[in-house]
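Bear in mind that the values here come from a model prediction, so they are computed numbers and not experimental data.
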Amino acid sequence: ILNLTPNQVVNAGLNQTICEDDEVSLIGSATNASSVYWTSTGTGTFSAVNSLNTNYTPSSADIISSSVTLTLNVISNSNCPEVADATVITIKKKPTANAGAAVSICEGSSYTFSAGEATAANYTAVTWTATGPGALDVTTINTLTPKYIPAVGQTGTVTLTLTATG
């Protein structure tokens with residue numbers, strides 16, 4: 001007698017992109033399986049390595065490498081060979097912003113940041129905001145070299161805030 005058993009079918013889920021402080025939620029599927037287990041090309045941790053549904057927390061090394069491949073391995077409920085499916089997790093670093101050091105200017109003078117005075121990393125866009133009655137030049141508000149124009153007669157402290165988004 002020859003007994004033909006169906007092969008197991010496995011799906012590790014879609015590729016995902018997460019931020020560096022996030023964990024990834026994995027929802028795998030498998031048929032004709034007696035057991036499953038997840039493996040990683042990285043050094044992060046699974047919340048439940050032997051479950052179809054688990055979370056993966058990237059390690060510092062995973063974050064530095066910017067991606068990790070997670071593989072769902074399926075062991076047959078018969079004598080068929082083990083099968084696997086993988087998903088790639090891309091890990092985006094958080095944007096950072098530094099508006100630079102405090103600066104003093106004279107009443108009636110505008111101020112334009114020099115290149116390198118304000119910095120940002122891992123961003124797709126930057127935006128400046130300002131307190132006080134003066135204004136930022138709208139043509140420079142989304143650059144690292146904005147121009148602030150005080151209101152007529154304005155004195156005191158103005159806070160310029162740089163926000164980086166990614």
Is a side-chain donor or acceptor of [X] paired with a backbone partner of [Y] at a separation under 3.5 angstrom?
{"X": "T124", "Y": "T165", "answer": "yes"}
{"X": "W128", "Y": "N142", "answer": "no"}
{"X": "S67", "Y": "I89", "answer": "no"}
{"X": "N15", "Y": "T87", "answer": "no"}
{"X": "T71", "Y": "D85", "answer": "no"}
{"X": "S65", "Y": "D62", "answer": "yes"}

Just verifying a value: how many Å separate [X] [atom1] and [Y] [atom2], rounded to the nearest 0.5 Å?
{"X": "N122", "Y": "K93", "atom1": "CG", "atom2": "NZ", "answer": "6.5 Å"}
{"X": "S29", "Y": "L72", "atom1": "OG", "atom2": "CG", "answer": "7.5 Å"}
{"X": "Q8", "Y": "S34", "atom1": "CD", "atom2": "OG", "answer": "8.5 Å"}
{"X": "S59", "Y": "I64", "atom1": "OG", "atom2": "CD1", "answer": "8.0 Å"}

Hphob cluster co-occupancy, L52 + Y37, side-chain heavy atoms under 4.5 angstrom: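 As far as the 4.5 Å side-chain criterion goes, Y37 and L52 are not connected within one cluster.
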Are [X] and [Y] packed together at the side-chain level, in the sense that at least one heavy-atom pair is separated by less than 4.5 angstrom?
{"X": "L26", "Y": "Q16", "result": "yes"}
{"X": "L162", "Y": "L144", "result": "yes"}
{"X": "T45", "Y": "N55", "result": "no"}
{"X": "T163", "Y": "T161", "result": "yes"}
{"X": "T90", "Y": "I18", "result": "no"}
{"X": "V36", "Y": "N50", "result": "no"}
{"X": "E82", "Y": "N73", "result": "yes"}

Step by step, work out the side-chain contact (heavy atoms from CB on, under 4.5 Å) result for T5 and C80. CA-CA 8 Å; T5 57; C80 296; 3.5 Å; yes
Trace of the side-chain contact (heavy atoms from CB on, under 4.5 Å) decision for T140 with T145: CA-CA 7 Å; T140 64; T145 55; 5.7 Å; no
Other residues, nucleotides and ligands only: do more than 12 of their heavy atoms fall within 6.0 Å of NZ on K92?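 At most 12 heavy atoms, drawn from other residues, nucleotides or ligands, come within 6.0 Å of this atom.
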Check: residues 102-111 side-chain donor-acceptor pairs under 3.5 Å, at least two apart:
residue : atom : partner : partner atom : Å
S109    : OG   : C106    : O            : 3.4
Y111    : OH   : E117    : OE1          : 3.0
Y111    : OH   : E117    : OE2          : 2.3

Which of these passes side-chain contact (heavy atoms from CB on, under 4.5 Å) with V83: V74, N7, I75?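 Considering V74, N7, I75, a side-chain contact (heavy atoms from CB on, under 4.5 Å) with V83 is found only for V74.
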What ring-ring contact (aromatic ring centres under 6.0 Å, His included) pairs are there with at least one residue in residues 48-69, not counting sequence neighbours?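 For residues 48-69, and leaving out neighbouring residues, the ring-ring contact (aromatic ring centres under 6.0 Å, His included) pairs sorted by first residue read F46-Y56.
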Extract all donor-acceptor atom pairs below 3.5 Å that involve side chains of residues 146-153 and protein atoms in other chains or at least two apart in sequence.
residue : atom : partner : partner atom : Å
Y148    : OH   : G134    : N            : 3.2
Y148    : OH   : Q154    : OE1          : 3.3
Y148    : OH   : Q154    : NE2          : 3.1

Using the side-chain contact (heavy atoms from CB on, under 4.5 Å) rule, take L160 and F113 through it: C-alpha gap first, then chi angles, then the decisive distance, then the call. CA-CA 11 Å; L160 302 178; F113 281 69; 3.6 Å; yes
Any chance you could lay out the side chain to side chain donor-acceptor pair (under 3.5 Å) test for N53 and S51, step after step, and finish with the verdict? CA-CA 5 Å; N53 303 327; S51 175; 5.6 Å; no
